[in-house]
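One structure is given below, encoded as structure tokens.
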Amino acid sequence: MPNANHSSLKMVFFGTPLLAVWVLEELEKGGILPSLVVTAPDKPAGRKLLFTPSPVKVWAQERGIRILEPEKLDDDFISALKTETYDLFIVAAYGKLIPQEVLDIPKHGVLNVHPSLLPQFRGASPIVTAILSGEKETGTSIMLLDRQMDHGPIVAQEHVDISDVPKASKLGERLARLGGVMLVNLIPKWVLGNLKPREQDHTRATYCGKIAKEDGLINLSDDPEKNYRKIRAFDEWPRAYFFSERKGKKIRVVIKDARLEDGKLVITKVLPEGKREMDYIDFQRNL
RNA sequence: CGCGGGGUGGAGGAGUGGUACCUCACGAGGCUCAUAACCUUGAGACGCCGGUUCGAGUCCGGCCCCCGCAA
């Protein structure tokens, strides 16, 4: 797997969630492995609030790759990074803002995978926002990180059709893998200086914020298409839900699946609080 | 020990100590020009282990699994 070209490249990968693992998997397929991975520290997760390592950490452990998981990107961390010299950093959904001092370390800069057609949808939720806003297409951008968020010049960009309103989980994987493949193709050229980044048209920049739990609450009498987009966009988190009355108790009902039929929203699968997933028909029958 | 809800025929639900019931689906037969209709009829279940009891789906203890909150 390590061929002469790539093994000579010393690279650090910054990332945390599953999205970042997809990028890593494509890099690995392309024969590119980081020599160090930086990820967020373990956090309590799950019903028992057990400390859980990030997906990227698990991935790196399985391959025996060195891991740094700083709480803060402070001086200690920076000096730890500087004990070696690196050619390139790659960032994909790391979760923390990376200070200029770190950006200055690698010889060939810091490349970022961003799942949108920058300058559109800078920020935290580009995938979900693209689906919600009814875009016909989105894509993946590889950009050179600078001091401002998602602001640096674009090295490469590819479009993806989303007129079929994909689920966010599926679209996320597609865009992340695309990003990994793009990196595999462009890193060799990039390192040789054969690619010139293109400044973003900052006047056309749009931004998307974090999704909140409450965003998943939908009003069933709202516009069907709008609700359908929410269900698809929030399929991973926070999930579209509404409240219902059951035996005098107010319960949360998560919509697991639905489709749009003749301009009407047809809910098919539902997950009521305290129960398991069931057909919406059955749920209604036994209210 | 973070908080809480739940596991009953194939699906969804009733049933807080005394023969397990309902709706839907399924099999057989019938009726009908016809039916996701109707009538008759049939098969099929209490997550697992132990305890209390004359008797446990129901009470007690342990285990497994599912889900909501939280992160």
Side-chain angles (χ1 to χ4, degrees), chain A residues 14-22 24 37-61 67-74 77 91-98 115 123-129 132 167-170 172-173 176 208-220 222 227-228 230-259 261-262 264-287:
Chain A
F14 291 68
T16 300
L18 200 52
L19 197 86
V21 171
W22 289 322
L24 280 168
V37 154
V38 180
T39 191
D42 296 4
K43 283 189 317 189
R47 259 184 274 282
K48 297 292 179 199
L49 294 189
L50 300 173
F51 270 82
T52 308
S54 77
V56 164
K57 182 177 176 182
V58 173
W59 183 92
Q61 280 172 334
I67 299 163
L68 285 181
E69 34 188 341
E71 192 66 56
K72 286 181 178 175
L73 304 186
D74 53 14
F77 167 74
V91 178
Y94 173 55
K96 296 182 195 297
L97 223 62
I98 297 176
S125 58
I127 298 166
V128 167
T129 304
L132 281 182
K167 292 184 178 181
S169 53
K170 212 177 141 202
E173 175 166 4
C208 51
K210 283 184 182 166
I211 311 292
K213 173 64 138 316
E214 303 74 55
D215 294 331
L217 179 61
I218 76 171
N219 178 348
L220 291 177
D222 254 0
N227 279 340
Y228 179 66
K230 278 190 179 180
I231 291 165
R232 308 285 285 182
F234 295 150
D235 85 306
E236 199 163 46
W237 194 89
R239 298 194 290 186
Y241 61 91
F242 58 92
F243 286 99
S244 181
E245 221 27 61
R246 193 181 185 108
K247 288 188 282 191
K249 271 186 270 182
K250 188 181 179 190
I251 57 163
R252 207 173 101 104
V253 181
V254 171
I255 299 172
K256 297 287 287 201
D257 215 350
R259 62 173 189 275
E261 206 172 272
D262 301 327
K264 287 161 77 174
L265 184 69
V266 180
I267 299 171
T268 51
K269 295 277 187 189
V270 103
L271 176 56
E273 175 178 341
K275 306 301 287 184
R276 52 189 70 200
E277 186 175 335
M278 63 179 72
D279 289 339
Y280 188 54
I281 300 170
D282 291 326
F283 172 75
Q284 286 177 306
R285 181 157 48 205
N286 269 296
L287 280 183

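Distance noted for atom C1' between B/rG44 and B/rG30: 23 Å (whole Å). Comparing B/rC66 with B/rC48, their C1' atoms sit 15 Å apart, to the nearest whole Å. Going from the C1' atom of B/rA14 to that of B/rC22 covers 7 Å, rounded to whole Å. B/rC63 and B/rA20 have their C1' atoms separated by 26 Å, with the value rounded to a whole Å. The same atom, C1', is picked in B/rA25 and in B/rA34; the two are 23 Å apart, to the nearest Å. Rounded to whole Å, the separation between the P atoms of B/rC21 and B/rC31 comes to 30 Å. For the C1' atoms, the distance linking B/rG13 with B/rU52 amounts to 30 Å, nearest Å. The P atoms of B/rG15 and B/rG47 are separated by 15 Å, rounded to the nearest whole Å.
Panel note: side chain A/T268, backbone A/D257; a donor-acceptor pair is recorded below 3.5 Å. Checking side-chain atoms of A/D215 against main-chain N and O of A/P238 turns up no donor-acceptor pair under 3.5 Å.
The pairing partner recorded for B/rU52 is none, the criterion being a Watson-Crick or G-U wobble arrangement whose two distances lie under 3.5 angstrom. Across all strands shown, B/rG68 forms a Watson-Crick or G-U wobble pair, both distances under 3.5 Å, with B/rC3. Base-pair partner of B/rG57: not found among the strands shown (Watson-Crick or G-U wobble, both distances under 3.5 Å). Base pairing of B/rC38: its partner is B/rG30, meeting the Watson-Crick or G-U wobble criterion (both donor-acceptor distances under 3.5 Å). In this structure, B/rG9 forms no base pair with any nucleotide, since neither Watson-Crick nor G-U wobble geometry is met with both distances under 3.5 Å.
Pairs of residues two or more places apart, or lying in two chains, that qualify as salt bridge (Lys or Arg N to Asp or Glu O under 4.0 Å) and include a residue from residues 278-287 of chain A are A/K269-A/D279, A/D282-A/R285.
With sequence neighbours excluded, the residues that form a side-chain hydrogen bond (donor to acceptor under 3.5 Å, both in side chains) with A/N219 are A/S221. For A/S244, there are no side-chain hydrogen bond (donor to acceptor under 3.5 Å, both in side chains) partners, not counting sequence neighbours. Taking the side-chain hydrogen bond (donor to acceptor under 3.5 Å, both in side chains) definition, one finds that A/E71 meets it with nothing, sequence neighbours left out. Legend: residues meeting ring-ring contact (aromatic ring centres under 6.0 Å, His included) with A/F283, ordered by chain and number and at least two apart, are absent. Taking A/F234 as the reference, nothing meets the ring-ring contact (aromatic ring centres under 6.0 Å, His included) condition, with sequence neighbours excluded.
Atom CZ of A/F243 is separated from atom C1' of B/rC69 by 11 Å (rounded to the nearest Å). Distance CD (A/Q284) to P (B/rC24): 16 Å, rounded to an integer number of Å. Rounded to whole Å, atom C1' of B/rC67 lies 16 Å from atom NZ of A/K269. Put simply, CZ on A/R252 is 18 Å from P on B/rG6, counting in whole angstrom units. Protein atom CG of A/L49 is 14 Å distant from nucleotide atom P of B/rG68, rounded to whole Å. Put simply, CD on A/E277 is 18 Å from C1' on B/rG13, counting in whole angstrom units.
Using a 4.0 Å heavy-atom cutoff across all strands shown, A/L271 reaches sugar-phosphate atoms only and no base atom.
Under a cut-off of 6.0 angstrom, the local environment of CD1 in A/I281 is sparse, with at most 12 non-hydrogen atoms contributed by other residues, nucleotides or ligands. Other residues, nucleotides and ligands contribute only 12 or fewer heavy atoms inside 6.0 Å of the NZ atom of A/K43.
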What pairs of nitrogen or oxygen atoms, one from the protein and one from nucleotides 7-11 of chain B, lie under 3.5 Å apart?
unit_1: B/rA11; atom_1: O2'; unit_2: A/D282; atom_2: OD2; d: 2.9

Would you give me the side-chain donor-acceptor pairs under 3.5 Å for residues 45-58 of chain A, sequence neighbours excluded?
unit_1: A/T52; atom_1: OG1; unit_2: A/L50; atom_2: O; d: 2.9
unit_1: A/S54; atom_1: OG; unit_2: A/T39; atom_2: OG1; d: 2.7
unit_1: A/S54; atom_1: OG; unit_2: A/K57; atom_2: N; d: 3.1
unit_1: A/K57; atom_1: NZ; unit_2: A/D42; atom_2: OD1; d: 3.1
unit_1: A/K57; atom_1: NZ; unit_2: A/D42; atom_2: OD2; d: 3.3
unit_1: A/K57; atom_1: NZ; unit_2: A/E69; atom_2: OE1; d: 3.3
unit_1: A/K57; atom_1: NZ; unit_2: A/E69; atom_2: OE2; d: 2.8

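For the OP1/OP2 pair of B/rG68 and a distance below 4.0 Å, the side-chain nitrogens and oxygens of A/R47 include at least one atom meeting the criterion.
Listed in residue order, the members of residues 210-218 of chain A having a heavy atom less than 4.0 Å from RNA chain B are A/K213.
Between A/P238 and A/F283, the residue whose closest nucleotide on RNA chain B is further toward the 5' end is A/F283.
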